[in-house]
Amino acid sequence: MTHYIAELDESQEIAAVWVKEKAARGPTVFDPQKHIFDANTASRYFGAPKEKITHWIAGAQQQSRNPR
């Protein structure tokens with residue numbers, strides 16, 4: 001099971017999402033170049049609602065595909 005942990009800033013907005021894979025020793029910051037997000041896999045969400053975390057991940061993936 002994958003765990004997604006939202007890190008919030010001072011205004012309670014998501015600043016980063018940490019990912020803890022089942023076999024990993026510890027969490028790492030979500031990186032669209034390294035991590036694959038699949039909403040259909042068994043996952044748990046912490047620090048913010050699932051919808052907000054998945055929206056943040058989608059934005060990170062979009063930004064990765066279209067860098068400025």
Item checked: Common cluster, Val19/Ile5, ILVMFWY with side-chain heavy-atom separation under 4.5 Å -> no
Next item on the list: Could you list the residues that satisfy side chain to side chain donor-acceptor pair (under 3.5 Å) with Glu21, not counting sequence neighbours?
Entry: Thr2
Next item on the list: To the nearest 0.5 angstrom, please state how far the OG atom of Ser43 sits from the NE2 atom of His3.
Entry: 8.5 Å
Checklist line | Test side-chain contact (heavy atoms from CB on, under 4.5 Å) applied to Arg25 - qualifying residues, sequence neighbours left out | finding: none
Next item on the list: Identify, with sequence neighbours excluded, every residue that meets side-chain contact (heavy atoms from CB on, under 4.5 Å) alongside Asp38.
Entry: Asn40, Thr41
What side-chain donor-acceptor pairs closer than 3.5 Å can you find for residues 6-15, not counting sequence neighbours?
| from | atom 1 | to | atom 2 | distance (Å) |
| --- | --- | --- | --- | --- |
| Glu7 | OE1 | Trp18 | NE1 | 2.7 |
| Asp9 | OD1 | Ser11 | N | 3.0 |
| Asp9 | OD1 | Ser11 | OG | 2.9 |
| Asp9 | OD1 | Gln12 | N | 3.2 |
| Asp9 | OD1 | Glu13 | N | 2.9 |

Notebook entry, point to check: Can you list every side chain to side chain donor-acceptor pair (under 3.5 Å) pair that touches residues 44-56, not counting sequence neighbours?
Noted result: none
Please list every donor-acceptor pair under 3.5 Å in which a side-chain atom of residues 27-34 meets a protein atom from a residue at least two apart or in another chain.
| from | atom 1 | to | atom 2 | distance (Å) |
| --- | --- | --- | --- | --- |
| Thr28 | OG1 | His35 | NE2 | 3.3 |
| Asp31 | OD1 | Gln33 | N | 2.9 |
| Gln33 | NE2 | Ser64 | OG | 2.3 |

